[in-house]
Every structure is written in C-alpha cells, then in structure tokens.
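Down below is the structure, laid out as structure tokens.
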Amino acid sequence: QNKSRPHSRGEYNVYSTFQSHEPEFDYLKSLEIEEKINKIRWLPQQNAAHFLLSTNDKTIKLWKISERDKRAEGYNLKDEDGRLRDPFRITALRVPILKPMDLMVEASPRRIFANAHTYHINSISVNSDHETYLSADDLRINLWHLEITDRSFNIVDIKPANMEELTEVITAAEFHPHHCNVFVYSSSKGTIRLCDMRSSALCDRHSKFFEEPEDPSSRSFFSEIISSISDVKFSHSGRYMMTRDYLSVKVWDLNMENRPVETYQVHEYLRSKLCSLYENDCIFDKFECCWNGSDSAIMTGSYNNFFRMFDRNTRRDVTLEASRESSKPRAVLKPRKVCTGGKRKKDEISVDSLDFNKKILHTAWHPMENIIAVAATNNLYIFQDKIN
Amino acid sequence: MECTLDAQSLISISLRKIHSSRTQRGGIKLHKNLLVSYVLRNARQLYLSERYAELYRRQQHYPDGAPLLAMPACPPPAAAAPPELAALPLPADTQDREARSCAVVRGGAELLEGPVCAAPPELQRAPCRDSSPGFYRAAGSAGPGGGGGGSSAAPGLLYAAGCDFGTGGVPHCSSRTTVLDLDTHVVTTVENGYLHQDCCSQCPCCCQPVAGLASPPPAPGTKRKYYPGQEEEEEGVEEGEPGGGGVAGGPPFAPCTKRARFEEYSAEHPQDSSNISNLISIFGSGFTGLVSRQQADSEQPLNGQLCGKQALASLGAWTRAIVAF
C-alpha cells in the first residue's frame, strides 16, 4: 500500500545562466586552474535577491542573482538608445518613469574569496549564523566572513609535517544546521570528525570521531577507495548526518560514534566489478546524497542515470531512472531493477548493460515539497510527487 | 565486465594513472593519487607475497643453497606448508636479493591460504578468479587467524640471510628522499636509512651493485636491489588491520600493515626508496617503458618479471613522491 511515490516531470525553463569562473593559470606553480565548479551553496534569502556561493578548485565567489522587470524611460540627458542628447536641444525637463519590461535576471559577483587554498577545494558550507562559511580543501578547512575577502581563518589543518606520512585527506565538510560552532568533516578513510569551534581555535582535535570498523572479510585491493566518503550531509533536524561512500549510504546518530544507525546499499552489485571500475576511473566518482524535508527519506545517484531513494521508516527503497526515453511529461516513473545474476527478468537490466558514462552525481530535494532535482550529464530533471 | 585481478596488471594500471595525472588539467589531484597509491600498495603486497611463496617453493627444490635465478613468479600451490620456513637454510649468496626478504616469513600461513591464481603464472593475464578478498588475504594481511604463524622463525631467517640487521636493523648507509612542500615551496631532503646497494657490498651475502632504476632491465639472473621486506621488519608491530589483532604483541613481523607504514614512517625506518636522481630519471623517461615491458611478458617472462621487480622495488618512493608533488 505504501508504495514509494511515483514522480512525474514538471515543466520548467532555464531561469538564468552565467559564467561563474574562468580558467586561470597559476604562473608560480605552472598549474592551470580549472573553471569547473565543484560546489554551489545558496545563502538564506534575506531580500528579493538570491545569493549563492560557488567554488572551483581555488576560488570562491559570492554571486547576487536579481530580477529586473522594470526599466526607466524618459531620461533628459540621453535618448532611449543611450546616446547623449545635445544639451542645446533640451527645451523641457521631464521625470523618468518606470515601465515594465521583459524579465531579466542579472547575476553579479559581489565577493571573490581567493588565494586561501593550496589544495583543491572540495566543499563549502554556509553557517547557520548567516555571516560565516567554511571552505575545505584536501588538507585544510578555512572559516570566512561573507563580508571579508582578504582574510580567512584556518580551523583545521591535517597536513603532516612530512608529506610522505600523508594517509588521508579531507573529502567533505559541513556546518551543523543549528549550532553555529559545530561542523563535521569526512575523510578519505571513511571517518567523520565533528569539531566544536568553541573548544579551541584550531580544530585539529575533534570532539567526536565517527568510524565503523572495517569488515575484514570484505577486504580487497580497493577497500580504501570504496570507503572514501564522497559527501556528508546533516539532517534538517541536526540530529543525524548521512555519509556517502562508493557503494553505500550511511546514517549516523551524532550521539553514537562507533557505527552508523542505518546503512543502505546503493549498488552492491558493483562490488564484484571494482576492478573494471578502477580501470575506467568510475571508482573515483563522487556521488552526493540528500535528505528530504522531513528527514524521512534519503536519495542518492548511481549509474545508467539511475537514482535511488530510501524510506527510513518503512525501509523500502526504489530505483528510478532519469532519462528522456523513460519519462514523458506527467508520466509516472517506473521503478527499475538491476539483475544481479541468474536469469534476467523482463524489464530488468543486467549489470553488464549499465552505462557507466551516465552517472547521477548530484541530486537535490526541495526542503518542503516533494520535488526533486536530478542532474544527469547534460540534462536536469525535475520530478514531483503526483499527489501535488 | 570481467577484468584481471592479478597484482601485476593492477600495478601497471595504477602507475599509468599516476603518470597521466601529472599532465591532466588542474594539476595533480591529491585525493585520487592517494587512493591509487593504496591500490599500488595492496597489489604490491600480494605480488610480493606470491613471489616469496614461490621462492620458498624453490628453496624446497634447492636445499643445498644453489643460487636462485631471478624467478618468474609462479603463484604457490595453496597447500604449501609454511612452518618449514624456519628450518630452511637460505643460500648465503643469492642472486635474487629478494630471497632474503623477511616478508617471506611474514604470516607465512596467510601467504598461501588465499585462492591465488592456481595455475598460470601471474605474468599471464589470468581471468578474475575470485573477487578480491581472497587475493588480498593472500597478501599476508591480518586475516582471521592472525599472523603468528611464521613470525617466530623470522629473525632466524633474516640473520641466516647474512645481511646485517643484527644491530637492531639499522642499516649501514642512508639514502635521501626529496619532498617538495606545495605550501612553502621548500624542498626538503630527508635522510633515511635503508639497505643501499653500496652498503650491501660490505655484507658477506651482498651481491653486486644493482643496476640503477633508470637503466633498462637487467638480463635475467642479475642481482636486484632489495627493499620491501626490510622495512616490514624494521617497523615491528604496527597498528594492524581490523581483525588482525591476532598477532601476539612483539613479533617484528606482524602481518603486513601498509597503512601503518604510511602513518609511522620516520627517518629511522628503512624504506624502499631510491635516491631522487633515480626517481627523476624514471619520471623523465615515463612509466610507459616499464608498463609496456610488463605487458610484453608472455614472450619474455623473465624480462617482464624483472621490470616488475624494478617497478616494485621503488614503489614506495613513487607513491610517496606522487603524494608530495
């Protein structure tokens, strides 16, 4: 009875497009800095405009996105074309008036936070105080004030004195949704550290350390790779956090450090394919995960444009596909199934037929509605609950 | 989607990845290279354990101490019994330096338990016979049962080998590793101890100087530089893998714990690195030569094998150098 909710495609249009970062070249290190955006985070909305932070490997930018739907007409000193009028021709004065115009969306960079990261930035997270945010690279986490671009505070530094002793890197970091002094960061070793900025200025020592002991029977060449955490997200309640590693999603209770309270297998059938996935680099893909507004469900992506939803209460899960062929507008998405062995049933897809170039790394769930956004390689899909 | 899981192909794939990461846009990705270095480590562990098990098998055939040829690695039969390792008189003078690896004795039982490719030598591309756990277990990691098996014999074996570890394993001479700190752009040279080829010449068992890494692979039978086992021996008991607590505290040959090696690496520990000039020449010449030779091994098993050894002997240095750079 309580089937997972089918979704249908709404109809949306692109609102605005703008170039956030350009490729740069670091002459000192002879390194090209890619323009590729690694993370985007919205700021809480305070007026009509929207603000977001976007970051590439080295530089974070604060963008203001605002709408303009009126235009002033009737200037005295210039024509409607903008050309200056000959002053001697002006015989009367008029007051410019506002006239409606086609909606125009403007994006303007308001702050540029640069030169604070030696290594590649992987995360940004806006604090609940709405004034500060953190940025994390492989070895360090910096704290910024949104108004101040020429200074940041380093709050975590895991760089060893001798780089040869490096064993793990930071993979993701996030502020607690309610406690502005608390943040977590995940590591390539599959551990999560919770830090309290009130306990010390430099949070190299964690307040809590979350780690699940490794199962020795599942050890393989690739154990280290698949245990690396690619994303960490607090629940809206602030009581739980979720981590994504290559094959699973884990929900942790912040009060229990020695193991997660829930573990969901995203695509366990890939465990026997890790060698091929290593060869074609897919094993390094970094999947994100997200909570729904009530924290009752979680969602994450997979291959073949599949994405997975897990209902934490009923323990039911569903695999859906984001593709043009399988979703027409207002049609209900059909659950998909991967055949892991034996005879393939009708409508099932075998593991070897999966398209590993079609990966869903980014998904988002509306904080209040049952509307989700799913990013396939070149397309964005938006699905919503048919009940709405 | 099947692929081969033999250690050598994994090593060559990993080296290729590291090599190509140096030229890709955006600079070296520290995270990815660190993960690749873990795969390298794991593959190397398995590879070496298979080699040493094969060596043991050959010892059985030549108990009178005839010099060992550089061996094509033939994975051991699963039934081989390790405890006899302790009683083996190792040849005083071996052509293959790796014969003296203490790693042989490391968890000897575990080395041979794993379902490694039974028939084909690892040089050939064997189909993926098993999912990974079996392979990795064969590498002597702390699987169930711990690694106590052959460890008690280890010190004896090492001393029998004749190299001077007696003074607590402090090697004769040192080598250097140069590290570039991305933050400060300071180049630091770390003096490390390890069994350098020159110092080995002083040991009774030591062999001829080893060809530099940058040179083409030596002809079969040439003595090779030896590294890996010593560092394991030097490290003593390390933080083990989960479930690997079976090793009694103390034996210096705890099951291979490369993770701990990364963490507890220090200047006192010998390491399997060559000096920086060899590294540079390797990087300069690219990895392709090594890789392609490894793959051309069906015709020339020994050459391929030696190339593999060449790659493996300096593996630790490469992986760390990648991380540093």
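In what follows, chains carry the letters A, B, and so on, assigned in the order in which the sequence lines appear, proteins first and then strands, with residues in each chain numbered from 1. What you see below is based on every heavy atom in this structure, not just the backbone, and it leaves out hydrogens, waters and symmetry mates.
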*May I ask you to establish whether K17(B) and Y278(A) are in a cation-pi arrangement, using a distance under 6.0 Å from NZ or CZ to the six-membered ring centre and at most 45° from the ring axis?*
yes

State, yes or no, whether a side-chain contact exists between [X] and [Y] at a heavy-atom distance under 4.5 Å.
{"X": "N42(B)", "Y": "E224(A)", "result": "yes"}
{"X": "I283(A)", "Y": "L35(B)", "result": "no"}
{"X": "E35(A)", "Y": "R25(B)", "result": "yes"}
{"X": "L34(B)", "Y": "D138(A)", "result": "no"}

Just wondering, more than 12 heavy atoms not from [X] lying within 6.0 Å of its [atom1]?
{"X": "Y27(A)", "atom1": "OH", "value": "no"}
{"X": "Y269(A)", "atom1": "OH", "value": "yes"}
{"X": "K208(A)", "atom1": "NZ", "value": "yes"}

*When rounded to the nearest 0.5 angstrom, what distance separates CG in L30(B) from NZ in K159(A)?*
10.5 Å

*asked:* Could you measure the distance from the CG atom of L166(A) to the CG atom of N33(B)? Nearest 0.5 Å is fine.
replied: 11.0 Å

[X] versus chain B, the contacting section by heavy-atom distance below 4.5 Å:
{"X": "D281(A)", "value": "both"}
{"X": "S188(A)", "value": "both"}
{"X": "I225(A)", "value": "both"}
{"X": "T171(A)", "value": "side chain"}

_Backbone of T167(A) reached by a side-chain donor or acceptor of Y38(B) within 3.5 Å_ = yes

*Answer yes or no: is there a donor N or O on one side and an acceptor on the other, between the side chain of H120(A) and the main chain of G26(B), under 3.5 Å?*
yes

